Student: 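Next up is a structure, given as structure tokens.
Everything numeric here is computed off the predicted structure, so don't read it as measured data.
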Amino acid sequence: IAFLLLAAAGCAGKNTKDSSKEHADRKSVEIAKSYQDIYEKACKDGTLEDLATIRQIVERLGKDGLTAVDAENQVDMENAAQAEVFCKRAGEGKEAVQTIIAVKADGGFMRYDLRASDGTLKVRQGYVAWSNGEPVEKETDEYQAYAWNYSGKGYLFFEKYQPPGYDGFSGHTAIRVKPLDQDCRELNQKYIMPVGYRLNNMFLEDWSENDYGNLNFYDIFESMYQMKYGKRLDVEFAFTGKTYDVQEEEFEDVFLAFFRIDPSVLRQKTTYDEVSHTYQYRPRGMFDFGSTPDIPYPEVVSYEEQEDGTIKLVVDAVWPDRNMEKAYSHEVVVRPLDGGRFQYVSNHVI
């Protein structure tokens, strides 16, 4: 009899869990369908990955009463007050529940169902994607956060434990709850994000237009090219990187658009052939990427318009993989020009 009672209880528990999951799956599909018109139009227009589209989806979800943000923390959270109350209660060791939708660039979203109690945080996360024009919950995972905290700047960090040596998903999640000044966001998108910290040292070294120091111009050539022409540089991506000879006019025009620099200085800091009037250039290869994609991303937190017409930006490097709202800070000075153009003046690591 005891065995039968235990077995029945186990089945009941299993059915309850399955029912709860099915309900969550249905709810996630309903959430996606609520902005299907935005998704379909963006697919048709080729604007699915545009920040404006992502913002539109986030705002739609907010109007539906959901707590929503974008997965890259570039759009202010909708209904953030709910999440702030949750974070405060969780930090005090009280019981609290919260669902956060993080919209991704592919039109899908991550759904985080969070439950706090006695200082612990339990997470159910699901990934909803579009398949043949219909939303489907592709992946789900449930775990107790190995570590979590709500930072002073308003970031909620939590992580799933991964054993040493694990080379898959890092398990770290960073969600900006508190809003960020919209001018700071726009300045970040225009001046800092197009270069960022990946595979270059532009914002990691001290330099100025009077002394470019250790700035590696090769590393930022492709980024600057895309910023200038609105398209990627037509070079082959390889494991080791193929070497190209780039005509001086093409190479120099890219940097003269964004720096007040004499071509003679540029030639001193690169490999230049005076006979053929070309610059030797090797694109980044697969082996240049290092062992992990989990690097910080920049966030402009304040700015100052200076008397000489330049703008000084204070930038924090947010590092989700280390649960850090500020891995380090640096000051970037830019010079706005006519027609929306601009030049980089200096970078200083604080």
Student: Quick one about T278 and D273 (side-chain donor to acceptor, distance below 3.5 Å, no hydrogens or angles considered), yes or no?
Tutor: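 Side chains of D273 and T278: no pair found under 3.5 Å.
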Student: Are side-chain N/O atoms of N73 and E299 paired as donor and acceptor at under 3.5 Å?
Tutor: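 No, because no side-chain N or O of N73 sits under 3.5 Å from a partner of the opposite role on E299.
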Student: Would you kindly say whether D45 and T47 are connected by a side-chain donor-acceptor distance under 3.5 Å?
Tutor: no
Student: Would you say the ring centroid of Y272 lies under 6.0 angstrom from that of Y279?
Tutor: yes
Student: Is there a donor-acceptor contact under 3.5 Å linking the side chains of D118 and T120?
Tutor: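 On atom types as modelled, these side chains do not qualify, holding no pair under 3.5 Å.
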Student: Please say yes or no: joined through hydrophobic side-chain contacts below 4.5 Å, possibly via intermediate residues, are V58 and L48 part of one cluster?
Tutor: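 As far as the 4.5 Å side-chain criterion goes, L48 and V58 are connected within one cluster.
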Student: CD1 of I54 to CD1 of I38: how many Å apart, nearest 0.5 Å?
Tutor: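 The distance works out to 12.0 Å.
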Student: Verify the distance criterion only: is there a donor paired with an acceptor across the side chains of R111 and S28 at less than 3.5 Å?
Tutor: yes
Student: Assess the side chains of Q226 and E222: does a donor N or O sit below 3.5 Å from an acceptor N or O?
Tutor: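 Short answer, no.
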Student: Anything under 30° is parallel, anything over 60° is perpendicular, the rest tilted; go ahead and classify F158 against Y143.
Tutor: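 Taking Y143 first and then F158, their aromatic rings sit tilted (interplane angle of 30° to 60°).
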Student: Quick one, W207 with Y344, criterion ring-ring contact (aromatic ring centres under 6.0 Å, His included). Give me CA distance, side-chain angles, the key distance, then yes/no.
Tutor: CA-CA 10 Å; W207 58 266; Y344 291 103; 7.2 Å; no
Student: Would you verify whether the NZ or CZ of R60 falls within 45 degrees of the ring axis of Y35 while also being under 6.0 Å from that six-membered ring's centre?
Tutor: no
Student: How are the rings of F255 and F259 set relative to one another: parallel (under 30°), tilted (30 to 60°) or perpendicular (over 60°)?
Tutor: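 Answer is tilted, since the angle falls between 30° and 60°.
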Student: Tell me whether K153 is salt-bridged to D316, with the criterion being a basic N under 4.0 Å from an acidic carboxylate O.
Tutor: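 Yes, charged N to carboxylate O under 4.0 Å.
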Student: Once you round to the nearest 0.5 Å, how far does CG of D70 lie from CD of E78?
Tutor: 11.0 Å
Student: Run the ring-ring contact (aromatic ring centres under 6.0 Å, His included) test on F217 and F221 for me, step by step, so that the C-alpha distance in whole Å, both residues' side-chain angles and the decisive distance to 0.1 Å come before the verdict.
Tutor: CA-CA 6 Å; F217 287 97; F221 179 56; over 10 Å; no
Student: About how many Å separate OH of Y150 and CD of E325, when rounded to the nearest 0.5 Å?
Tutor: 10.0 Å
Student: Please step through ring-ring contact (aromatic ring centres under 6.0 Å, His included) for the pair Y297 and Y197, ending with a clear verdict.
Tutor: CA-CA 7 Å; Y297 63 85; Y197 305 125; 8.7 Å; no
